[in-house]
Protein chains: 2
Amino acid sequence: MKGNLLVAHGGGPTPVINASLQGVIQEARRYSEIDKVIGARFGIEGLLAEEFVDLGVQPEGFVQRLSFTPGSVLGSCRRKLTAEDYPVILDILRRHGIQYFLYNGGNDSMDTCSRIARLAGDEIRVIGIPKTIDNDLAVTDHCPGFGSAARYVAVSARELATEVASLPIHVVVMEVMGRNAGWLAASAMLAGSDGGRGPRMIHLPESPFSQEEFLTDVEALWSREKGFLIVASEGLKDTKGQSLADTGILDGFGHTIPGGVAQLLADTIIRELGIKCRAEKPGLLGRASLALQSPTDREEAYQVGARAVSAAVDGETGKMVSLRRVSTAPYRIDLELVALDRVANIEKKFPQEWINDRGNDIRENFKDYCEPLIGEPLPEFAGF
Amino acid sequence: MKGNLLVAHGGGPTPVINASLQGVIQEARRYSEIDKVIGARFGIEGLLAEEFVDLGVQPEGFVQRLSFTPGSVLGSCRRKLTAEDYPVILDILRRHGIQYFLYNGGNDSMDTCSRIARLAGDEIRVIGIPKTIDNDLAVTDHCPGFGSAARYVAVSARELATEVASLPIHVVVMEVMGRNAGWLAASAMLAGSDGGRGPRMIHLPESPFSQEEFLTDVEALWSREKGFLIVASEGLKDTKGQSLADTGILDGFGHTIPGGVAQLLADTIIRELGIKCRAEKPGLLGRASLALQSPTDREEAYQVGARAVSAAVDGETGKMVSLRRVSTAPYRIDLELVALDRVANIEKKFPQEWINDRGNDIRENFKDYCEPLIGEPLPEFAGF
C-alpha cells in the first residue's frame, strides 16, 4: 500500500509534541511505501481547509530543531467535528493520495481519530499518537508531554518553596494546569522528596475542596512556619462538585475553561486569616518551557511518533500507540498498540490511593510512578 | 584592621544573590585581615536578633552550590529600621567583632546600609552589594539579578508567543514583575528580535495606560492574527498615576504590593471585545528559575560580591560596588565604587526614549543595552 502520509495535531500542545513529529518524519524516510509526508496546519481545521505543508522539503535544521520547539509547529485546534464533516475529511484524504493518517492528540482527538478510522475502513490506515500534559489518557502508563510538564511543576515547586522560605513574609499559592485530573499538580510532591523543599499542601480536583478545612490547615502551618508554598490544581472542585474558579468560557468541545483558582485561594487566605498571600500562575508556560523538558519524555515522544509510522506501514489501523511500563527500577517501557475505542473520550483520574486521608497532600508511593518520567534528578540547593 | 566579616541580604532575592555570597566567601579567604565570615539570617532582622551563622564551617558542597541556589540562602527581610535600631545594630556589630559589614540589597537596603556606614564612621567598614531583578538602582549600568530575570522574561515570552500562535484561539497576557520600573517587562522585546516570535504589545509602568487605546490595539491585532501575546508590567498605572491592580497590601517599607494586572486586562478583553483571553503570571518564578539564569549575570554577581570584600579590606566604606559599561560590542564592564548616598532610595525608571510613541512597545535600540546581560542567545525554534 503506497501513498502519502498525513500528520495532524489536535488540542493543546505539549513541550514534546514536535518531538513526536520529528519521529514521524524521520521514521517515514525508512519506508518506500511512503511517498510524501504532509502536515495539516492547525489540526482538523487545516485538514478541512486543505491547508497542507510538505514536511519533506523544509529548510536545513527544521527537523533537527523540532524536538526543542514549543507549541505545535504544525498548529493545532479545538474543533469538535459534526457528522457531516467526516465524509468531507475522507474525500480530502482520498484526493490528496493519503494512505496513512496519523493524529496526535488527547482523549478528544482520539475520538475524532477513531471515527475517521471507522469510516476509512481498509482504505486508509489511521493511527493515534498520544499526547497530553494532563496525563489523563486511558490504558497508556503515561502520556508523552506529561513527563516534561511534571518536571516543570516539580522544579518550579522546589524553586518557589525555597524562594518563599527565604523571605518568609507570605504564603504562596501556585496554580497548576489540569482541568479534571490532578496528575500534574501531584507531581509537585517530587519537590519535597530527597530532602528538598516542597509544597506544604497539594490540592487536586479529585479531592473535594473544603474551604473550612483549608483555612484550618493554612492557619496551623503558618503558626509553625512563615513562608510556605501551596500547590492547587486549576480544576479544584468544592464538595458539591462545582469548580471553585471558572472563566465562564467554553472551549471548542464545550468544556469549561478553569482559571484563577490560586488567586481565589490567596484572596481567601488574606480575607479570612489576615495572612499575606501571593498567587502565581505560570499557566501555559508549564507546557511551553523547553529548559525544563524531560529528556526521557522527549525520547518517548519521538518513539511513539516513529512507532505510529511503522504500525501504519505494517497494516495496523484504528489503534493508538501506548506506553507499557515493564519495570520502574530500572525504568523501562515498551510500546504497544491499543484500540482507539479503549482510549477515546475517557479521562483517567488521579488514583485515590495516592491521595492522603485529609485530601491535601500526595502519598510517598506516587514518587515511584512519577520520578522516572521527569528524566533527570531535581536540582539540589545549598541550605542550612 | 583585623576582624570578622558580616554579610546580610535585604529585600527580594534574585536568581544570583547567592552567587554574590559565594564571591564574598571565596574572596574573604584571601585576606589575613578577615577572621570569620559570618552571615546574618533573614537580613537586618536576624542581625538585630543576633541570629548568625558561621559561613566558614559549612558542609562539603555548600559554597559550590550557592551560585545555583534560588532564593536567599541566608534569608532576607523587608524591615524598615527606626532611628532606635541603628545604635543597637552598631552595638551588636561591636560585640561580635565585626570589622567589615556587607549588605546585599536594592535601593531601600542601600539606604539602611548608608545610615549604618555613617554611624559606624571609621570603626567598621560598610560596603553595599547591589541586587535587584527590577534593575532600578541608580548609577550602576545594571543590577546583578536583572540579567537572569530578563532572560527568564525573554525566553518565556518567546515560548508563550510561539505556543499561543500554534493554537490560535485566544490572546494571552503575561504579567511581569516590576513595581514602578518597566525594565523587566521591556526585556520581553528580545523575544521578537532576530526573527523570533515575541509579544505584540509591551506595557510598562512608565507609560500611562489608557484602556480605550489598549482595546483599540487589541481589536486591530486580533483582526489580523488570532493567538498573540501581550506583556504587561505588574505595576501598570492609569493616566492619573493610579495602579491598575493592587492587592491593597503594603510591604515593610509602606510600598503597595501590586498584583493581578494580567487577569484584569484579560477580563477587560473578554468583557469589552468578546475575545477569549488568558492571563499568565509566573510571578516569583521569574526570580527563582535557575534553568534560565544568565551566565553573565551569575559571573557579575560573583564579582561584585568579591569586590565588596577587597574594597572593605582596602579601607573603603560607605560605598556600593557598581557596574560601569566600558563597551557593548564586545560587551565589557568594569567595577567601581560609588557613594551609597548616590544610590539610596532612588528608583531608576525605564527611559522614555526606549518606549514607542504609542506607549505600547519597546524600541529596537533597547536591544543593544539588554542583550549582553541575558548571557546566551535565545533559543531558535522550528517554524514555517
Side-chain angles (χ1 to χ4, degrees), chain A residues 9 11-13 18 41-42 53 58 61-66 68-78 155-156 159-160 162-169 172 174 247 249 251-252 257 259-260 263 270 276 278-285 287-292 379-384, chain B residues 9 11-13 18 41-42 53 58 61-66 68-78 155-156 159-160 162-169 172 174 247 249 251-252 257 259-260 263 270 276 278-285 287-292 379-384:
Chain A
H9 291 166
N18 299 317
R41 301 303 313 275
F42 304 104
V53 56
Q58 296 307 311
F62 174 84
V63 176
Q64 283 64 39
R65 275 186 191 148
L66 283 177
F68 297 99
T69 293
S72 155
V73 75
L74 289 174
S76 185
C77 71
R78 282 199 195 281
V155 171
S156 298
E159 288 177 334
L160 265 189
T162 303
E163 142 84 36
V164 68
S166 79
L167 180 59
I169 56 175
V172 169
M174 176 170 78
T247 57
I249 302 173
D251 72 9
I257 299 172
Q263 192 62 55
I270 294 168
K276 285 185 189 178
R278 276 186 67 101
E280 317 298 19
K281 183 195 167 208
L284 298 177
L285 281 169
R287 71 181 192 204
S289 166
L290 270 290
L292 296 175
E380 285 181 50
F381 301 139
F384 298 110
Chain B
H9 291 166
N18 298 317
R41 301 302 313 276
F42 303 104
V53 56
Q58 297 306 313
F62 173 85
V63 177
Q64 283 64 39
R65 276 187 190 147
L66 283 177
F68 297 99
T69 293
S72 154
V73 76
L74 289 174
S76 185
C77 71
R78 283 199 193 280
V155 171
S156 297
E159 289 178 335
L160 266 189
T162 304
E163 142 83 36
V164 68
S166 79
L167 181 58
I169 56 175
V172 169
M174 177 168 78
T247 58
I249 302 173
D251 72 9
I257 298 172
Q263 191 62 56
I270 293 168
K276 286 185 188 178
R278 278 186 68 100
E280 317 297 19
K281 184 196 167 209
L284 298 177
L285 281 169
R287 70 181 193 205
S289 166
L290 270 291
L292 296 176
E380 286 181 50
F381 301 139
F384 298 111

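Residue numbers begin at 1 in each chain, while the letters A, B, ... track the order of the sequences.
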I'd like to verify something: which residue of [options] has the highest number of heavy-atom pairs under 4.5 Å with chain A?
{"options": "B/G61, B/G11, B/G75, B/S76", "result": "B/S76"}
{"options": "B/P168, B/A288, B/P379, B/G12", "result": "B/A288"}
{"options": "B/F68, B/F384, B/F62", "result": "B/F384"}

[X] versus chain B, the contacting section by heavy-atom distance below 4.5 Å:
{"X": "A/L285", "value": "both"}
{"X": "A/V63", "value": "neither"}
{"X": "A/V53", "value": "side chain"}
{"X": "A/Q64", "value": "neither"}
{"X": "A/R41", "value": "side chain"}

| message | Taking salt bridge (charged side-chain N to carboxylate O under 4.0 Å, His left out) as the definition, give me every residue that meets it alongside B/E159, ordered by chain and number, with sequence neighbours left out. | response | none
| task | Could you check which of A/L284, A/L292, A/V73 has the highest count of heavy-atom pairs closer than 4.5 Å to chain B? | result |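 Option with the greatest count: A/L284.
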| request: For each of A/S166, A/G283, A/A279, A/G71, tally heavy-atom pairs with chain B at distances under 4.5 Å, and name the one with the top tally. | output: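 Between A/S166, A/G283, A/A279, A/G71, the count favours A/S166.
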| query | Nearest 0.5 Å, what's the CD1-CZ distance between A/I169 and B/R78? | reply | 5.5 Å
| From CG (B/L160) to CZ (A/R287), nearest 0.5 Å |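 Interatomic distance, B/L160 CG to A/R287 CZ, rounded to 0.5 Å: 10.0 Å.
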To check you understand the geometry: which heavy-atom pair defines the closest contact between [X] and [Y], and what is its length?
{"X": "B/A291", "Y": "A/A291", "value": "CB-CB, 3.8 Å"}
{"X": "A/A382", "Y": "B/L66", "value": "CB-CD2, 3.9 Å"}
{"X": "A/L167", "Y": "B/P13", "value": "CD2-CD, 4.1 Å"}
{"X": "B/P282", "Y": "A/E280", "value": "O-CB, 3.9 Å"}

| field | Side chain, backbone, both or neither of B/V172 within contact of chain A (heavy atoms, under 4.5 Å) | value | side chain
| Residues in side-chain contact (heavy atoms from CB on, under 4.5 Å) with A/T162, at least two apart? |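 Expected list: A/R158, A/R197, A/F381, B/P70.
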